[in-house]
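Note that the coordinates shown come from a computational prediction; the quantities given were computed from them, not determined experimentally. Position 1 is the first residue of the sequence; numbering continues from there.
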Amino acid sequence: MAEELSPMDRAKDAFLELLATLEGDELLSFETFVGAAVEERLQMINDEAEGKQGHGHEHEHGPGCNHDHEPAQSGGGDIARSSGSKIFRLNKIIQDLRERLPVNAEAPSEHITIPSSEEFAGYTKDNVVHVDGFLYTEDDVDELCDTGKLSRNYCQKCGSKDTKPLNFISHSASVVQLQFLFQVLLKGERSKGKVVLDVGSRLGAVLYAGHLFTEAKSLIGVEMNDYFCKLQTEMVRKHRLQDRIEIVHDNLLNRANLLEKADIVIMNNVFQFFSPVDVQQQLWKFLHTHLKARKGALLITIPSLQEQLKDAGLIGPVKKPKSKKKKVPAKPPGAVSAAAPMVVAKEVREDGTEVDSVGDWTSWLKEIEVTVTGAEFVEEMMEDELEELKLIHIYQVI
């Protein structure tokens with residue numbers, strides 16, 4: 001009589017039989033799934049064990065006890081940044097992209113210009129380094145610098161010790177920004193069954209995270225660069241995300257239909273570095289024309305809409321007329337002056353009447369307050385990460 005197989009041996013046999021039915025991309029996709037599923041199951045078992053320990057009896061210090069008994073310095077929330085199947089899959093995509101791209105994640109034919117706005121005053125091609133925030137965290141950048149693959153400083157005079165820190169710029173949202181966006185701001189019903197449009201989808205970071213962290217009906221990325229479109233398509237197919245992700249290779253100006261069906265439009269630093277001011281104005285006016293009728297639709301921008309419209313010359317500080325009155329005494333040290341009001345660049349018809357313009361954004365949008373504390377995350381948040389989250393702004397079409 002044959003010896004009965006143990007549960008472990010039966011599981012191994014079934015697993016090998018299943019592997020034999022898979023080939024190529026299916027096998028690679030299954031590898032990702034298995035790794036993520038095992039990690040998630042181990043995390044679940046660990047959580048259950050910790051729960052029993054916490055509720056069964058009071059833990060005491062004992063021989064070999066080496067963990068901290070002080071309250072954990074964490075957000076105390078339920079969004080894990082380093083574990084779970086979804087983060088595992090996202091990290092696999094990041095790993096694949098790193099293998100295909102240089103550190104700056106720029107396309108071979110891409111032309112990036114530095115905005116002439118006050119925020120980027122003094123930035124030049126010599127003192128700016130482009131490092132993609134989706135692919136590399138601050139810790140990753142530190143490691144790249146330590147290994148000599150990146151430098152944090154540049155020499156103002158070749159051969160001298162006259163050095164200054166480099167300016168690091170990213171053209172993608174970071175993973176923590178994407179988690180906050182989709183797992184906090186667009187959680188649940190806010191994105192379930194909705195059409196999400198990412199304008200200038202670049203590497204596809206918004207699309208991948210939206211697929212993994214939400215139940216959005218579809219996620220559409222519109223991108224002009226052929227290189228990035230092919231790269232996104234490759235990632236979508238390899239990681240089996242094509243059921244809800246669509247890549248559109250075109251200029252937004254040719255795709256009014258995408259704006260007119262979108263429930264959520266996401267724009268991460270999309271025009272400032274890639275288009276001259278006159279083109280930026282054209283794109284913003286186009287977006288205004290085709291989105292303002294989508295009552296209730298959400299527009300999400302990184303950085304704020306106001307800042308981007310200002311860079312595009314559509315709003316700007318009011319120029320106050322010179323006063324003939326006596327000068328007002330200066331404010332005492334520590335007093336804060338009110339921020340300069342903004343003036344809208346008005347459009348005028350031939351008959352002299354004003355046109356409802358994109359610059360007058362409060363006439364068609366209302367800003368939704370975003371509260372950033374970091375409490376939603378399991379792990380402790382660093383100050384620079386909290387600052388990243390504050391760059392996310394949400395507006396609703398009214």
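- The shortest distance between side-chain heavy atoms of Q281 and L314 falls below 4.5 Å.
- Side-chain contact between N268 and I300: absent, with no pair of heavy atoms (C-beta onward) separated by less than 4.5 Å.
- Side-chain contact between V199 and I266 is absent, with no heavy-atom pair separated by less than 4.5 Å.
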Might you work through the side-chain contact (heavy atoms from CB on, under 4.5 Å) test for E110 and R202, ending with a clear yes or no?
-> CA-CA 11 Å; E110 191 170 27; R202 201 168 175 83; 2.4 Å; yes
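- With contacts defined as side-chain heavy-atom distances shorter than 4.5 Å, the pair V131/V103 qualifies.
- In this pair, Y395 and W361 present their aromatic rings perpendicular. The plane angle is above 60°, beyond the 30 to 60° band.
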Take Q280 and S275 through the side chain to side chain donor-acceptor pair (under 3.5 Å) test and state the conclusion after the steps.
-> CA-CA 6 Å; Q280 290 183 45; S275 303; over 6 Å; no
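- Under a hydrophobic clustering in which Ile, Leu, Val, Met, Phe, Trp and Tyr are joined whenever their side-chain heavy atoms come within less than 4.5 Å, directly or via other members, L22 and V34 fall into the same cluster.
- Between D140 and R98 there is a salt bridge, with a side-chain nitrogen of the basic residue lying less than 4.0 Å from a carboxylate oxygen of the acidic one.
- The structure places CG of L259 at 12.5 Å from NE2 of H288, a figure rounded to the nearest 0.5 Å.
- Between H249 and F228, the ring centre distance reaches or exceeds 6.0 Å.
- Surrounding CD of E387 are more than 12 heavy atoms belonging to other residues, nucleotides or ligands, all under 6.0 Å away.
- From E223, atom CD reaches atom CG of L231 across 10.5 Å, with rounding to the nearest 0.5 Å.
- Close placement of the H171 and F273 rings is indicated, their centers lying within 6.0 Å of each other.
- The pair K187-E215 does not meet the salt-bridge criterion, since no charged nitrogen lies less than 4.0 angstrom from a carboxylate oxygen.
- Enclosure of atom CD in E260 by more than 12 non-hydrogen atoms of other residues, nucleotides or ligands within 6.0 angstrom is indicated.
- Residues I93 and Y227 share a single hydrophobic cluster, defined by chaining ILVMFWY side chains whose heavy atoms lie under 4.5 Å apart.
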Verdict with reasoning, V265 to M267, per side-chain contact (heavy atoms from CB on, under 4.5 Å) = CA-CA 7 Å; V265 178; M267 304 176 67; 4.0 Å; yes
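- The pair R294-D263 counts as a salt bridge, with a side-chain nitrogen and a carboxylate oxygen less than 4.0 angstrom apart.
- Here the shortest heavy-atom pairing between R244 and G210 reads NH1-O, 4.4 Å.
- With rounding to the nearest 0.5 Å, the separation of CZ in R89 from CD1 in I94 is 13.5 Å.
- At a threshold of 4.0 Å, the pair D96-K92 does not count as salt-bridged, since none of the basic side-chain nitrogens sits closer than that to a carboxylate oxygen.
- Side-chain polar atoms of D132 and S170 form no donor-acceptor pair below 3.5 angstrom.
- For the pair F271 and V279, the minimum side-chain heavy-atom distance is 4.5 Å or more.
- With hydrogens and angles left out, the side-chain atoms of Q232 and S201 include a donor and acceptor closer than 3.5 Å.
- From D142, atom CG reaches atom OG1 of T137 across 8.0 Å, with rounding to the nearest 0.5 Å.
- Heavy atoms from other residues, nucleotides or ligands lying under 6.0 Å from CZ of R100 number more than 12.
- The main-chain N or O of P303 is found under 3.5 Å from a side-chain atom of Q308 such that the two form a donor-acceptor pair.
- Residue V141 is not grouped with residue M382 when hydrophobic side chains (ILVMFWY) are merged at heavy-atom distances under 4.5 angstrom, including chains of intermediate members.
- For the side-chain hydrogen bond (donor to acceptor under 3.5 Å, both in side chains) test with R81, the passing option among E385, E379, Q179, E380 is E385; the others fail.
- A single hydrophobic cluster is seen to contain both L253 and I220, as judged by linkage of ILVMFWY side chains at heavy-atom distances under 4.5 Å, directly or through other members.
- Both V248 and F286 belong to a single network of hydrophobic side chains, linked directly or stepwise wherever heavy atoms of I, L, V, M, F, W or Y lie under 4.5 Å apart.
- Within the 4.5 Å cutoff, no side-chain heavy atoms of M224 are placed close to those of D250.
- The OG atom of S191 sits 10.5 Å away from the CG atom of L185 when rounded to the nearest 0.5 Å.
- Considering every non-hydrogen atom in both F180 and T371, the closest pair reads CZ-O, 3.7 Å.
- Annotation: side chain of F213 is in contact with side chain of I87 (closest heavy-atom distance under 4.5 Å).
- The distance from atom CG of L90 to atom CD of Q95, rounded to the nearest 0.5 Å, is 12.0 Å.
- Taking 4.5 Å as the limit, every side-chain heavy atom of L389 sits out of range of all side-chain heavy atoms of V370.
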